[in-house]
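First up is the structure itself, then whatever we jot down about it.
Nothing here was measured: the structure is a model prediction, and the numbers come from that model.
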Amino acid sequence: MSAPLHTLGVAALSRLLAVGQVSSVELSRELLARAREQAALGAFLAIDESVTQAQAEAADARRARGQATALTGVPVAHKDIFVPRDWPSTAGSRMLAGYQSPFDATVVARLGPAGAGMVTLGKLNCDEFAMGSANENSAFGPVLNPWDRSRVPGGSSGGSAASVAARLLPAATGTDTGGSIRQPASFTGITGIKPTYGVCSRYGMVAFASSLDQAGPLARSAEDCALLLSAMSGFDERDATSAEQVPQDYHAAMLAPRVGSSAARPLQGLRIGLPEEFFPAALADDVNGAVRAALAVLEQLGATLVDVSLPRTELSIPVYYIIAPAEASSNLGRFDGVKFGHRAAQHGDLLDMYKKTRSQGFGLEAKRRIMIGTYVLSHGYYDAYYLQAQKLRRMIADDFQACFQHCDVIAGPVAPTVAWEFGRMGDDPLQAYLADIFTLPASLAGLPGMSVPAGSGDHGMPVGLQLIGNYFTEATLLQTAHALQQATDFHTRVPPGF
Ligand code: GLN
């Protein structure tokens, strides 16, 4: 046998499984052993060999019956925001420690044994309720960046990104409310896509900010992301905001040649817009350099670069940090110690039980957001903050539509810097909020966004190129990223020692 199994991505493993060169049981056993060896990264929150083994056996049996999909038997793990029936779910919070869902999240069901047949290796660490940009807000400890253990892996899908980057998994699920798929993908040198709001069902995702939350895959290539996205997306009547679209084969769509293209110029005719606000003077030189170099490759591949403007880019920070906490304060109201989750052991009357439960169960960042959210929604402040934010959100979405008059895809950095060192943000949450500047606009507009490896910056740390498309143009983003990955090797680079 040639390449070790952990070095292979989804498409490559799918081919090996199809020809019977490896069984799912062997594959999952080997990757689980690797996950255990690398436990110090902090990526996994739950592993259960017996559940994995049963799923792998079922996948092998399904292949033997000739009923396999491309993903049957390929290992995956889920961000702890998704609730599977067979695994505990914490959402990175003490509030949900020990909680086990009675049902499968739609994304989990569609990827798992009842759907595509992927084999679950476990649950992945994340910021508490997906609030954060560094995975430092998890109640169960941080996740280390495999490129440099003194640096953060990004967040909130830090466990998903670190485990894929460290070759513990070929792919993982994540969620993105304001950048939580794109930014950790960028910080760890992997590929991630947040589809258009509504493409993946939110049913069974622990809610943070419901008008923004969106699931998506993190993997090592655009091709692998396309394979997962095709399986996990699609209309779901159990999510009231699910998009009523017919099932898409993103992989086939991504590979379909563009009109007028050639092998040398696969992106012929593609107009890529560069918003001037995404390249401010404050953008780190190393990030700017890597992003510009990747754009030059896209140009060689046939794309045309055009200047566009997203004038309210800066406003997306205050707008997001009003709307997201407002929705969070409402969503987290359900954790009251009565129905499920943590309940204070010692308490007085009902009000005292609520107070103690919530004081003990929530971490600092969750409490901060509950307070901000409650404040901006309160009588007297609603008009001044929440309503204004909603109006600006609409204008931010309109700005994108003005850009898409001139381009098909918008490109820029994912984050203003490479992954920072633990503790560098200190106790100042504002610093971390500001670093979300390039991911928040697409989230507020509900547009699809992607992070694609674009080489390395300072300290050898990965830099991601962000691609943003118009609604439901995931296939165009994936095609653009795929063309880049056919022409460059950024996405194949492995953290030293892995
Ligand atoms: N960093 C942003 C926040 O803290 C985004 C998180 C996310 O996308 N879940 O809210």
Would you find more than 12 non-hydrogen atoms of other residues, nucleotides or ligands less than 6.0 Å from L350 atom CG? yes
Nearest-0.5 Å distance that lies between atom CG in L305 and atom CG in L298: 7.5 Å
Plane angle bin for F340 and F335 - parallel if under 30°, tilted between 30 and 60°, otherwise perpendicular: perpendicular
On a heavy-atom basis, the closest approach of I181 and P217 is CG2-O, 4.1 Å
Is the F278 to F438 ring centre distance short of 6.0 Å? yes
When rounded to the nearest 0.5 Å, the distance separating CD1 of I410 from CG of N470 is 8.0 Å
Quick one: are the ring centres of W147 and F187 less than 6.0 Å apart? no
Between atom CG of L310 and atom CD1 of I396, what is the distance when rounded to the nearest 0.5 Å? 9.5 Å
Looking at K367, I want to see if its NZ is surrounded by more than 12 non-hydrogen atoms of other residues, nucleotides or ligands under 6.0 Å. yes
Thinking salt bridges, do D336 and R358 make one under a 4.0 Å N-O criterion? no
Go through it in stages, so that I can follow the logic: the residues are R368 and E365, the test is salt bridge (charged side-chain N to carboxylate O under 4.0 Å, His left out), and I'd like the CA-CA distance, side-chain angles, deciding distance and then a yes or no. CA-CA 5 Å; R368 185 180 290 126; E365 186 63 25; 2.3 Å; yes
If we only count heavy atoms from C-beta on, is the L295 to L274 side-chain gap below 4.5 Å? yes
Is any side-chain heavy atom of S316 less than 4.5 Å from a side-chain heavy atom of P441? yes
Greater than 12 external heavy atoms within 6.0 Å of F235's CZ: yes
Close side-chain approach of F490 to Q485, heavy-atom, < 4.5 Å: no
Looking at every heavy atom in both G132 and D127, which two are closest together, and how far apart are they? C-OD2, 3.3 Å
For the pair R182 (side chain) and M450 (backbone), establish whether a donor and an acceptor sit closer than 3.5 Å, ignoring hydrogens and angles. no
Pairing donors with acceptors under 3.5 angstrom, does anything connect the side chains of Q360 and R94? no
Minimum side-chain heavy-atom gap L168-V164 below 4.5 Å: no
Using every non-hydrogen atom in the two residues, find where A40 and R149 come nearest and quote the distance to one decimal. CB-NH1, 4.4 Å
Starting at CE of M232, measure out to CE of M118 and round the result to the nearest 0.5 Å. 9.5 Å
Please determine if R85 forms a cation-pi arrangement with F103, meaning its NZ or CZ atom is less than 6.0 Å from the six-membered ring centre and no more than 45° off the ring axis. no
Ionic contact status for D399 with R312, cut-off 4.0 Å: yes
Hey, is OH on Y385 packed in by over 12 heavy atoms from elsewhere, all under 6.0 Å? no
Point-to-point distance, once rounded to the nearest 0.5 Å, from CD1 of I81 to CG of D213: 8.0 Å
Evaluate the criterion side-chain hydrogen bond (donor to acceptor under 3.5 Å, both in side chains) for residue pair T90 and Y99; output intermediate values, then yes/no. CA-CA 6 Å; T90 69; Y99 173 72; over 6 Å; no
What closest approach, in Å, do S329 and G373 show between heavy atoms, and which atom pair accounts for it? OG-C, 3.6 Å
Which atom names give the shortest non-hydrogen contact between P195 and C200, and what distance separates them? CG-SG, 4.0 Å
For T175 and K79, the nearest pair of non-hydrogen atoms, with its separation, is OG1-NZ, 2.7 Å
Whether E474 side chain and T196 backbone form a donor-acceptor pair below 3.5 Å: yes
